Amino acid sequence: PREGAALHLSERIVAPVSALTRRSFLERTGFLAAAGLLAQLPSVPWVRAATSLKPDLNHQTMSGLVAFIVPGPDAYSRKQGQTTKEPGGIAAGTTKALIDTLDLFIPSTPPLTTTVAAVLNGTAVQLDPGIVPGTFDSAFANLAFSQKAEVFRRLEAIDNPEAGALRFLAGNLPGLVAFLAYATPTGRKLSRYSGVADGRPEFKGYFHA
């Protein structure tokens, strides 16, 4: 009976993980449930002021975010001063995946990517008013790595009527980016993921390895 219970428990744990998709990730992290709350952000004055419908600006902002979470040797990682020799999130195609996930899975007007870019760029300008013009049109993409971290800290510390949506973004965006980056072949290589396995050699790495 105990073996049966253990097997049943393992199936409950493993099955959802192996079947994890972008939609199920969004559901588990609350993105879909918070869609209505996030849709209200464009009405916030400083968010509205930072909003741009320029695809290049939004793409640059998302790329700056991707490089912040999974750095690589790309231009966005070099600009922030935090790079790696191995291919990072940009090389993995995470920017497009992030934009598609935000805009296609969570429909809103304006597109959620535009709102997220406005929040990140608006906070970046508040942090460093002279950050633009710069290498990129996106203020957030021009920030140093430590400054990007400060943007998220400030968003999580906001205490006003729109605090809930902003804190939600700050707390969940990094996880979404990491999920999308490491779900790619490049990400799996970076994490040295060897694939799904029913078991591992007994005691390997722990006893007489």
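Keep in mind it's a predicted model, so treat the numbers as computed, not measured. Residue numbers start at 1 and run along the sequence shown.
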D103 side chain to P111 backbone, donor-acceptor under 3.5 Å: no
V47 reachable from L155 in the ILVMFWY side-chain graph, under 4.5 Å edges: yes
Electrostatic pair E156:R153 at N-O distance under 4.0 angstrom: no
Sequence neighbours excluded and cut-off under 3.5 Å, please list the side-chain donor-acceptor pairs for residues 64-74, or say none.
| unit_1 | atom_1 | unit_2 | atom_2 | d |
| --- | --- | --- | --- | --- |
| D74 | OD1 | S77 | OG | 3.0 |
| D74 | OD2 | Y76 | N | 3.1 |
| D74 | OD2 | S77 | N | 2.9 |
| D74 | OD2 | S77 | OG | 3.2 |

H59 side chain near S63 side chain, heavy-atom distance below 4.5 Å: yes
Those residues that, when tested against R48, pass side chain to side chain contact (heavy atoms under 4.5 Å, CB included) (two or more places apart): P45
Side-chain donor or acceptor of R188 paired with backbone N/O of A183 under 3.5 Å: yes
Just list the side-chain donor-acceptor pairs under 3.5 Å for residues 170-181, sequence neighbours left out, or say none.
| unit_1 | atom_1 | unit_2 | atom_2 | d |
| --- | --- | --- | --- | --- |
| N172 | ND2 | F168 | O | 2.9 |

Which pairs would a plain distance check flag for residues 122-137, meaning a side-chain donor or acceptor within less than 3.5 Å of a matching protein atom at least two apart in sequence or in another chain?
| unit_1 | atom_1 | unit_2 | atom_2 | d |
| --- | --- | --- | --- | --- |
| T123 | OG1 | V119 | O | 2.7 |
| D128 | OD1 | G130 | N | 3.2 |
| T135 | OG1 | K79 | NZ | 3.1 |

Check: T94 side chain, G89 main-chain N or O, donor-acceptor pair, under 3.5 Å: yes
Closest approach of A118 to T51 (non-hydrogen atoms, all atoms of both residues): CB-OG1, 3.4 Å
Stepwise side chain to side chain contact (heavy atoms under 4.5 Å, CB included) test for L98 and T95: CA-CA 5 Å; L98 177 60; T95 299; 5.8 Å; no
Transitive ILVMFWY side-chain link L166 to V116, under 4.5 Å: yes
Heavy-atom pair of closest approach, residues A163 and D159: CB-CA, 4.1 Å
Donor-acceptor under 3.5 Å (R78 side chain, T83 main chain): no
Non-hydrogen atoms of N58 and A117 that approach each other most closely: OD1-CB, 3.4 Å
Side chain to side chain contact (heavy atoms under 4.5 Å, CB included) partners of P110, counting only residues at least two apart: P42, L53, T114, T115
Q60 CD to N121 CG distance, which is reported to the nearest 0.5 Å: 9.0 Å
Non-hydrogen atoms of I158 and R167 that approach each other most closely: O-NH2, 2.8 Å
Set of residues satisfying side chain to side chain contact (heavy atoms under 4.5 Å, CB included) with respect to K96, sequence neighbours excluded: D100
Residues L41, L169; criterion side chain to side chain contact (heavy atoms under 4.5 Å, CB included); working and verdict: CA-CA 11 Å; L41 279 177; L169 277 178; 3.7 Å; yes
Closest non-hydrogen atom pair between T61 and S138, with its separation: OG1-OG, 3.0 Å
Non-hydrogen side-chain atoms of L143 and E150 separated by less than 4.5 Å: no
Heavy-atom closest pair, residues I99 and M62: CG1-CG, 3.8 Å
